[in-house]
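A note on names: the letters A, B, ... follow the listed sequences, proteins ahead of strands, and every chain is numbered from 1.
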There are 2 protein chains.
Amino acid sequence: MTTNDPATEGQIGATKTSFGIVEHLRNHGTMGVSEVASALGVSKSTAHNHLQTLAELGYVIQTDEGYDLSLKFLDLGDHARRRHALYHAAISEMDDLVEAVGERGQVMVEENGRGVYIYQVKTEQGVQTDSHIGTTVDLHTTAVGKSYLAFCDDDTRERLLENSLSELTSNTISDRETLLEELETIRERGYAFNDEERITGMRAVGAPILSDDDTILGAISVSGPTTRMKGEWYRREVPEMVMQAARIIGIRATYS
Amino acid sequence: MTTNDPATEGQIGATKTSFGIVEHLRNHGTMGVSEVASALGVSKSTAHNHLQTLAELGYVIQTDEGYDLSLKFLDLGDHARRRHALYHAAISEMDDLVEAVGERGQVMVEENGRGVYIYQVKTEQGVQTDSHIGTTVDLHTTAVGKSYLAFCDDDTRERLLENSLSELTSNTISDRETLLEELETIRERGYAFNDEERITGMRAVGAPILSDDDTILGAISVSGPTTRMKGEWYRREVPEMVMQAARIIGIRATYS
DNA sequence: AATTTCGTTCGCCTCTCCAAAACAGCTGTT
DNA sequence: AACAGCTGTTTTGGAGAGGCGAACGAAATT
């Protein structure tokens, strides 16, 4: 991490450990008091107190095998994404787009410098990957993310690109200059490709969602394996469909 | 509330206020420090500290208009529901069921004495109601809930019915004896109806999901307006389809 | 310019909350 | 059966975290 700015440093330690426990349960599944205590580096009684409190509040549930995250987070998460106008505007149109293309589709918004998937439509033959609802991704490694970076305003872009660019595959654009050129291209033609830049074997076509005053709300994409995403289909037809859907969603998001 | 049992009372006050803030943001949307402070009955500096900490952890985001829930909860919620075997087993089958019936479908599990929807499939003509993913409902007022109550073991049923039965519409079964008889009927025929017992104008057909050792995992249902859910279709054909789907999901949940 | 309302910062005092240890319940082992 | 080695729970006391209130600064409204 970077140097802690004392001015913006959070004060409440108890909250930090409580959420630390929550995140640990998220990453490792059901576990008991002792395991939590040693994992978090706190005493057993502390872990017990926190888990007890979280259970009373209804955020963890106590089963025979230990403690686990409750579904209250599902409700909170649903509320969080419903706050985005893009979510309501996108869902039905995305369903149609995915049916037309036959590949998986997703809706992304930016939060804290990362891309977050707020909606995803699977297909019969869809490839199982690591991306779910709520998954966060590096913006420069996805079609949705590059669409976003291309069409956000300059200040935002600078903020989003201030940290170094990770390299996830051999195709990832991890050089800043190259990326900026790529973004220029995307801006000109209106849509973005992803050619195995995040996951080898997967391609995608993305486009930004703009409201009528040209502020960016997020981005959408469809993605599939290189075996199916190729040729004119991938280069011409899919982009056309994605762009069309993006326009409709943008209009719908504006008037709602 | 009932009398606080001191033995199971949560200790960590800071965690309680932090989650109190989270819930308040969930219910009332974006707001600032002062508004949070007065709503929660704490000092401005306290509210500020908590919000600052939550923001640093990434659970609230700070915009121009104030603080709001972040999409990190979406990720936590998704993980929470993925832990249920029923979720993975149900999704594709539910999609098919909903397409066949043409009405909205949902998957429910029980948590803390209430029913929680972990999956929902909408339809073109589907009615918008108050139920989303993560929504909790009184078990005795829904087809899914009654299916669950009918097929869970006796100890569980007793625990789930220990508090009084709310009355949401004139059709709600709020009398314990009547409910137990209804559950007996459901147990015999294998599926449950909901005839405007939660929302006037809405009917539903539900069935339990049982793993092969007859332990109950949850329940599914399809629901629609009384104008379409009627006659033989509602009484015979839809139950047949729901039961069939429930059987398949049960088998799939067992071997996974 | 004056006034209100916002978010942030400061310092003090109190009561929370953390750690260590004792306690209790359960499982399997010798 | 007694024991050992785990669990989760409860109790203690003391340190310091975190709460309040007041003062500050900034921004919006009059």
If I take atom [atom1] in residue [X] and atom [atom2] in nucleotide [N], what distance separates them, rounded to the nearest angstrom?
{"X": "A:Lys16", "N": "D:dA17", "atom1": "NZ", "atom2": "C1'", "result": "12 Å"}
{"X": "A:Leu51", "N": "D:dT9", "atom1": "CG", "atom2": "C1'", "result": "12 Å"}
{"X": "A:His48", "N": "D:dT11", "atom1": "NE2", "atom2": "P", "result": "11 Å"}
{"X": "A:Glu65", "N": "D:dG8", "atom1": "CD", "atom2": "P", "result": "12 Å"}
{"X": "B:Glu35", "N": "C:dT5", "atom1": "CD", "atom2": "C1'", "result": "12 Å"}
{"X": "A:Leu40", "N": "C:dC17", "atom1": "CG", "atom2": "C1'", "result": "15 Å"}
{"X": "B:Gln11", "N": "D:dT9", "atom1": "CD", "atom2": "C1'", "result": "11 Å"}
{"X": "A:Ile12", "N": "D:dC20", "atom1": "CD1", "atom2": "P", "result": "10 Å"}

For [N], does either OP1 or OP2 sit under 4.0 Å from a side-chain N or O belonging to [X]?
{"X": "B:Ser43", "N": "D:dG19", "answer": "no"}
{"X": "B:Gln62", "N": "C:dT8", "answer": "yes"}
{"X": "A:Ser45", "N": "C:dC18", "answer": "no"}

Q) Donor-acceptor pair, B:His140 side chain versus B:Ser166 backbone, under 3.5 Å? A) yes

Q: Check for a donor-acceptor pair, side chain of B:Thr141 on one end and backbone N or O of B:Val137 on the other, with a separation under 3.5 Å.
A: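 No; zero donor-acceptor contacts below 3.5 Å.
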
Q: Identify the heavy atoms of A:Val60 and A:Leu51 that sit nearest to each other, and give their distance.
A: CG2-O, 3.8 Å

Q: Select from A:Thr15 and A:Ser34 the residue whose nearest nucleotide in DNA chain D is closer to the 5' end of that strand.
A: A:Ser34

Q. Nearest nucleotide by nearest heavy atom, which residue falls closer to the 5' end of DNA chain D, A:Ala14 or A:Gly66?
A.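 Nearer the 5' end of the strand: A:Gly66.
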
Q) Is the base of C:dG7 touched by the side chain of B:Lys44 through a donor-acceptor pair closer than 3.5 angstrom? A)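 Looking at the base of C:dG7, it does pair with a donor or acceptor on the side chain of B:Lys44 (distance under 3.5 Å).
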
Q. Counting only heavy atoms not in B:Glu158, do more than 12 sit closer than 6.0 Å to its CD atom?
A.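 No - once you tally the heavy atoms of other residues, nucleotides and ligands closer than 6.0 Å, there are 12 at most.
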
Q | A:Phe19 ring center near B:Phe19 ring center (under 6.0 Å) | A | yes

